[in-house]
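What follows is a single structure, written as structure tokens, with notes after it.
Reckoned from all heavy atoms, side chains included, excluding hydrogens, waters and symmetry mates. The first residue of the sequence shown is numbered 1, and numbering continues consecutively from there.
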Amino acid sequence: MTFGADAVSPEHRNKPRAPTKALVVGPYLNERLARHEASKAPRPMAVRTPEARVDEAAGLARAIDLDIVAVETVMLSQIKPATYIGGGKVEELAAIVKEHDVEIVIVDCSLSPVQQRNLEKAFAAKVIDRTGLILEIFGRRARTREGALQVELAHLAYQKSRLVRSWTHLERQRGGFGFLGGPGETQIETDRRLIQERIIRIERDLEGVKKTRGLHRAKRQDVPYPVVALVGYTNAGKSTLFNRLTRADVLAKDMLFATLDPTLRAVALPHGEKIMLSDTVGFISDLPTMLVTAFRATLEEVIEADLILHVRDVAHEDTEAQSADVENVLHDLGIDRNGGHFVEVWNKIDLIDEARAQALITMASRRPADERPFIVSAVTGQGVDALLAGIEERMSRDHVRMALSLDLSHHHEIGWIYDHTQIIERTNGKDGAVDFILRIGPDKLDRLLRRFPQARRIDQERAARKRRPSPRPLAS
């Protein structure tokens, strides 16, 4: 008799495996209790509709290719300590699991280990909560070594919290080692020790990766390009906008957490100056604490950015709640939206009707200039030119306007001017001379004046003319 791979016929070996059947359950507190819980939060929280929440949970499940056979919303007046949801509803869900041969039940909340085990017994199927689902997605999406290590670290921290005496296999005892004898350590203690040792090794590896990335960041800082970071709720269109601005091919799908690892590309602004654009992992509501901690290193690109673009999906019914979730995570990272380097980008304008689009444009125009959002469609390109001009304007607020004339003997210096300044205006004279009106950052101004002593500041001349008193009228 033959076992293993050789026992499988070639036609069965090449046949794709059917997707795993899953049931998505959204157990949520009723509206009154939800608002009460939100009011106790340290920062303002928007209350999502149950329909939007369970739809997001189903989207998360589809992101790992599960076959969703049913989606059930359960409204709760209280949380049951044993199973989170009431016994009657547990029986109803167990019948659905049996009817559709469901293999995995996804519960859109944070379950305790005891609740998870009790539900698995009741359903006779594997049960994972929201944290476990997000960890699974992150594990599949991580591509870089750092991302993989961070996901494994978060997963081990989650696994460690699941090690309780609820599972019978963790109650066994092993014999002692060496000459001490005794009953030895229990299986749960062994598992916990092995997990902790692995956590220590990963943290050590991450420190090495972090140092390497710090060296790369230091090299980028030597190239004086400011960093602009894209942040936003998952599936808000960050990667699509990133591709539009950089002409890159970063994975961008209508899928939650389509991209995970950060990506950096150079982008030329309208007048020639370059920036480094960073696309980061998308945020989500109820993001597990261990993931926020694990990905803090990845999000340093956001923390140290010169400008943050908060990309919002204005076509989504819960756009305000999503915005609040993103700002709460940024607040946890020590980023204040009132710091003058935070700009909202209202994306997916192409997905809403004309009346609502006009209402959004009117709403945006009424905001102060520094807080005015940019309305764009990353898919069609609508509003992208205005966004680039707005980025340039914000990055140039401390720049100096200069006038510079070059004769024929200095034409070889024109390349340096285009590489290090923003060309506002260029005029070619009949005698071959070239006149520039340009804008330059204060960090490069001394270099410009050393190369071109004849350059003069225009803003100072204008200010002097404004201060000059008007001539008095002649006495009659």
Test item: Ser278 and Leu230 side chains (from C-beta on) under 4.5 Å apart, heavy atoms: no
Look at Lys348 together with Asp313 and state whether they make a salt bridge at an N to O cut-off of under 4.0 Å. yes
Any idea which heavy atoms bring Val345 and Leu387 closest together, and the distance? CG2-CD1, 3.9 Å
Any side-chain heavy atom of Leu206 sitting closer than 4.5 Å to one from Leu153? yes
Glu152 side chain near Arg198 side chain, heavy-atom distance below 4.5 Å: yes
Assess whether side-chain contact (heavy atoms from CB on, under 4.5 Å) is satisfied between Arg48 and Glu320, documenting all intermediate values. CA-CA 9 Å; Arg48 282 186 169 83; Glu320 294 296 335; over 6 Å; no
If you look only at distance, which donor and acceptor atoms sit under 3.5 Å apart when one is on a side chain in residues 90-100 and the other is two or more places apart or in another chain?
{"residue": "Glu92", "atom": "OE1", "partner": "Lys89", "partner atom": "NZ", "Å": "3.1"}

Over all heavy atoms of both residues, which pair between Ala364 and Arg372 is shortest? Give the atoms and the distance, please. O-CG, 3.1 Å
Which distance, rounded to the nearest 0.5 Å, do you find between the CG of Leu66 and the CD1 of Ile128? 7.0 Å
A side-chain contact here means heavy atoms from C-beta on lying under 4.5 Å apart; do Tyr233 and Glu56 qualify? yes
Who passes salt bridge (Lys or Arg N to Asp or Glu O under 4.0 Å) against Glu72, sequence neighbours left out? none
Lys444 and Asp419: CA distance, side-chain angles, deciding distance, salt bridge (charged side-chain N to carboxylate O under 4.0 Å, His left out) verdict: CA-CA 11 Å; Lys444 300 177 184 177; Asp419 287 340; over 6 Å; no
Taking all atoms of both residues into account, what is the closest heavy-atom pair of Val311 and Ala236, and its distance? O-CB, 3.5 Å
Val231 side chain near Leu330 side chain, heavy-atom distance below 4.5 Å: yes
Any Leu277 side-chain heavy atom under 4.5 Å of Leu264 side chain: no
